[in-house]
Protein chains: 2
Amino acid sequence: MKQLRVLEQPCCAPGAPPLAKGSAQALADRFKALSDPARVSIVNLIAGRSQLCTCQLTAPLGLSQPTVSHHLRVLREAGLIEVALKRGTMTFYRLVPEAMEQLAFAIGGGPAPAGVLVTRERAAAW
Amino acid sequence: MKQLRVLEQPCCAPGAPPLAKGSAQALADRFKALSDPARVSIVNLIAGRSQLCTCQLTAPLGLSQPTVSHHLRVLREAGLIEVALKRGTMTFYRLVPEAMEQLAFAIGGGPAPAGVLVTRERAAAW
DNA sequence: CTGATACATTGATGACCGTCAATGAAGCAG
DNA sequence: CTGCTTCATTGACGGTCATCAATGTATCAG
C-alpha cells in the first residue's frame with residue numbers, strides 16, 4: 001500500500017496552497033480506487049454494516065465472486081479498507097476511517113459532523 | 001454534465017445508510033475525474049489562484065496543450081470546474097466549490113474549516 | 001482422507017484512458 | 001485580408017481496466 005502524505009492544508013478547495021507532485025499522484029491513486037461504482041458501493045455497504053465478508057457482497061453488487069475479490073483488492077491496496085478478521089474460510093473487511101477522512105480533508109471537508117462517525121473499536125465489535 | 005443527487009447522509013463513512021445505485025455511479029464519475037494526477041494538480045492550481053487559463057497550465061504540468069485541454073474537459077463535464085470568463089482568445093476556469101463540498105460530504109467530511117473556503121464571488125473578482 | 005465452502009489468483013478478452021501531432025475555430029494586431 | 005495567438009477537436013497508438021471462467025489455496029465437517 002502506498003502511503004499518502006498527510007496534507008497540512010486542503011489541496012483541492014478554494015485558496016489551496018501548491019501541491020507537491022508526489023502528493024498529486026498519491027491522491028489520484030486513492031480517488032481512482034473510488035472511480036468505479038462497484039467500489040463506491042462496496043465502501044458504502046461496509047460502512048453501513050461495520051464489516052462484512054466477500055460472500056455478502058456478490059449478491060447486492062450483481063458481480064461474480066472473482067470480480068468482487070478484485071475490487072476488494074484494489075480498495076485494500078489503496079488503504080481505504082482492511083482485513084478486519086478471518087474466521088474459518090471467511091474474510092471480513094472494514095473501513096479505514098482515517099484514510100477516508102484524509103481524502104475528505106484534501107478536497108476541503110472539515111471534521112465530520114458529530115454522531116456520524118463511529119470509532120474503529122465500535123466497528124470492530126461486530 | 002451529469003447531475004449528482006444531493007446526498008442526505010455521507011455514504012462512504014462509518015455508519016452510512018444504503019446508497020442508491022444511480023448515486024454510486026454519479027459519485028464514481030466524479031471520483032474518476034480526480035483519478036489522474038494531472039487533473040488533481042489542475043484542480044489544485046486553479047484552487048490556489050482563483051482562476052486560470054489553459055495556457056497557464058501546460059508549463060507546470062509538463063503536458064502538451066491538447067492534453068491539458070482534454071483534462072479540462074473531463075473536469076468540466078464532471079462539474080468540478082467551469083468556465084469563468086472568456087477574454088479574447090483566452091479561456092479562464094474556476095472551481096465549482098459546491099461540487100467539491102458535495103464530494104467531501106459524501107465520504108464523511110463535514111463543513112469546511114472557517115477561513116479556508118472563499119465565496120464564489122470573491123473567486124470571480126480576479 | 002473426502003467433499004464442500006469461501007476466497008484469492010491467473011489468464012483472456014473487450015472496453016476505456018492518457019498522450020501527442022495535426023488540424024480546426026475564433027479572436028486580436030496591423 | 002494576413003498573420004499570430006489561444007484553445008478545442010480529431011485521429012491514432014500504447015497502456016490500463018473491468019469482467020468472468022478456470023484454477024489454486026485454505027478451512028471446516030464428516
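Below, chains carry the letters A, B, ... as their sequence lines are ordered, and counting in each starts from 1. Remember, predicted model here, so these are calculated numbers, not experimental data.
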- Nearest heavy-atom approach of Asn44(A) to Pro17(B) is ND2-O, 2.9 Å
- Restricting to pairs with a member in residues 52-63 of chain A, which pass side-chain hydrogen bond (donor to acceptor under 3.5 Å, both in side chains), not counting sequence neighbours? none
- Query: With a non-hydrogen cut-off below 4.0 angstrom, is Ser69(B) in contact with a base, only sugar-phosphate, or nothing?
  - Reply: base
- Query: Base, sugar-phosphate, or nothing for His71(A), non-hydrogen atoms under 4.0 angstrom?
  - Reply: sugar-phosphate
- Task: Quickly work out the Leu34(B) CG to dC17(C) C1' distance and round it to whole Å.
- Result: 16 Å
- Message: Once side chain to side chain contact (heavy atoms under 4.5 Å, CB included) is applied, do any residues pair with Thr91(A), and if so which ones, sequence neighbours excluded?
- Response: Val83(A), Lys86(A), Tyr93(A)
- Between NZ of Lys32(B) and P of dC16(C) the distance, given in whole Å, is 9 Å
- Task: Quick one: list whatever passes side chain to side chain contact (heavy atoms under 4.5 Å, CB included) with Ala47(A), sequence neighbours left out.
- Result: Leu95(A), Ala16(B)
- Message: Does dA8(C) have OP1 or OP2 under 4.0 Å away from a side-chain N or O of Thr54(A)?
- Response: yes
- Message: Measure NE2/His70(B) against C1'/dG18(C) and give the value in whole Å, please.
- Response: 6 Å
- Item | Tyr93(A) vs dA6(C): side-chain N/O to OP1/OP2 distance below 4.0 Å | no
- Task: Report the distance from atom CG of Leu57(B) to atom P of dA8(D), rounded to the nearest whole Å.
- Result: 10 Å
- Positions of residues 37-48 of chain A (non-hydrogen atom under 4.0 Å from DNA chain C), listed by number: none
- In this structure, which one of Ile81(B), Ile46(B), Val40(B) forms a side chain to side chain contact (heavy atoms under 4.5 Å, CB included) with Leu75(B)? Ile81(B)
- Query: Base, sugar-phosphate alone, or nothing: which one does Thr67(A) contact when heavy atoms must sit under 4.0 Å apart?
  - Reply: base
- Query: CZ/Arg39(B) to CG/Leu72(B) distance, rounded to the nearest 0.5 angstrom?
  - Reply: 10.5 Å
- Item | salt bridge (charged side-chain N to carboxylate O under 4.0 Å, His left out) partners of residues 62-74 of chain A, not counting sequence neighbours, each pair once | Arg73(A)-Glu77(A)
- Option from Leu61(A), Ile42(A), Leu57(A), Val43(A) for which side chain to side chain contact (heavy atoms under 4.5 Å, CB included) with His71(A) holds: Ile42(A)
- Atom-to-atom span, CZ of Arg73(B) to P of dC16(C) - whole angstrom: 15 Å
- For Gln25(A) and Pro37(B) the tightest heavy-atom approach is OE1-CG, 3.5 Å
- Note on the structure: When rounded to whole Å, the CG to C1' distance for the pair Leu72(A) and dC17(D) reads 17 Å
- Task: Could you state the atom-to-atom distance from CG of Asp36(B) to P of dC16(C) in whole Å?
- Result: 18 Å
- Any chance you could list the contact pattern along nucleotides 22-30 of chain C? Use B for base contacts, S for sugar-phosphate-only contacts and - for none, protein heavy atoms under 4.0 Å, 5' to 3'. B----BS--
- Item | Value in whole Å for how far the C1' atom of dC7(C) lies from CD1 of Ile81(A) | 13 Å
